[in-house]
J.: 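Starting off with a structure, shown below.
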Amino acid sequence: MTTLLSRYKIIKKIGQGGFGHTYLAEDTALPGNHKCVVKHLKRNPDPGVLAISQRLFENEAKILQDLGKYDQIPALYAYFTENGEFYLVQ
């Protein structure tokens, strides 16, 4: 089983689309190992596409963070890169 950022333990894949995969995970750093969703942006080896992907990824994370908490918008708990891969935790 994969663990990301030495914290998010992947339980199972729950979806995928053109831009990446979505996983159900446990946050092992919190008491009770709360469940969360980890979105993984697919890596593209093209440097131009990678730069655009990174900019869009960071923009989405910033927008989610700025929006605050609303019932219809998933809360952003974290976003990070690991081994050159992009992740959002909601």
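Computed from heavy atoms alone, side chains included, the values below leave out hydrogens, waters and symmetry copies.
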J.: List the residues meeting side-chain contact (heavy atoms from CB on, under 4.5 Å) with Thr3, not counting sequence neighbours, and say none if there are none.
T.: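 Checked Thr3 against side-chain contact (heavy atoms from CB on, under 4.5 Å); matches are Lys9.
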J.: Who pairs with Tyr23 by ring-ring contact (aromatic ring centres under 6.0 Å, His included), at least two apart in sequence or on another chain?
T.: none
J.: Got Arg7 and Asp27 here, is their nearest side-chain heavy-atom distance under 4.5 Å?
T.: yes
J.: Could I get the full list of salt bridge (charged side-chain N to carboxylate O under 4.0 Å, His left out) partners for Lys13, not counting sequence neighbours?
T.: none
J.: Run the side chain to side chain donor-acceptor pair (under 3.5 Å) test against Gln54 and tell me which residues pass, sequence neighbours left out.
T.: Glu58
J.: Please enumerate all residues that pass side chain to side chain donor-acceptor pair (under 3.5 Å) together with Asn83, with sequence neighbours excluded.
T.: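 Here no residue qualifies.
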J.: In Å, rounded to the nearest 0.5 Å, how long is the span from NE2 of His21 to CG of Leu41?
T.: 10.0 Å
J.: Should side-chain heavy atoms under 4.5 Å link Ile, Leu, Val, Met, Phe, Trp and Tyr, which residues sit in the same cluster as Val37?
T.: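 Via sub-4.5 Å side-chain contacts, Val37 links to Ile11, Ile14, Leu24.
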J.: Testing the basics here: between Cys36 and Val89, what is the closest heavy-atom pair and its distance to 0.1 Å?
T.: SG-CG1, 3.8 Å
J.: Quick one: list whatever passes side-chain contact (heavy atoms from CB on, under 4.5 Å) with Thr81, sequence neighbours left out.
T.: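 With neighbours one apart ignored, the set is Phe86.
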J.: Applying side-chain contact (heavy atoms from CB on, under 4.5 Å), can you list everything that pairs with Ile52, at least two apart in sequence or on another chain?
T.: Arg55, Leu56
J.: Just to verify, what does Glu85 make a side chain to side chain donor-acceptor pair (under 3.5 Å) with, not counting sequence neighbours?
T.: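 If we apply the side chain to side chain donor-acceptor pair (under 3.5 Å) test to Glu85, skipping adjacent residues, the hits are His40.
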J.: Quick one: list whatever passes ring-ring contact (aromatic ring centres under 6.0 Å, His included) with Tyr77, sequence neighbours left out.
T.: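 So Tyr77 forms no ring-ring contact (aromatic ring centres under 6.0 Å, His included) with any residue.
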J.: Determine the minimum heavy-atom distance between Leu76 and Ala61, stating which atoms define it.
T.: CD2-O, 3.2 Å
J.: What closest approach, in Å, do Thr28 and Asn33 show between heavy atoms, and which atom pair accounts for it?
T.: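 Where Thr28 meets Asn33 most closely, the heavy atoms are CA-OD1, 3.4 Å.
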J.: Test of understanding: with salt bridge (charged side-chain N to carboxylate O under 4.0 Å, His left out), list the residues that count as partners of Lys35, not counting sequence neighbours.
T.: Glu26
J.: With sequence neighbours excluded, what pairs up with Glu82 under the side-chain contact (heavy atoms from CB on, under 4.5 Å) test?
T.: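 Here the qualifying residues are Leu4, Leu5, Phe80, Tyr87.
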J.: Any link between Phe57 and Leu64 through a network of hydrophobic side chains (Ile, Leu, Val, Met, Phe, Trp, Tyr) touching at under 4.5 Å?
T.: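 Same cluster: Phe57 reaches Leu64 through Ile, Leu, Val, Met, Phe, Trp or Tyr contacts under 4.5 Å.
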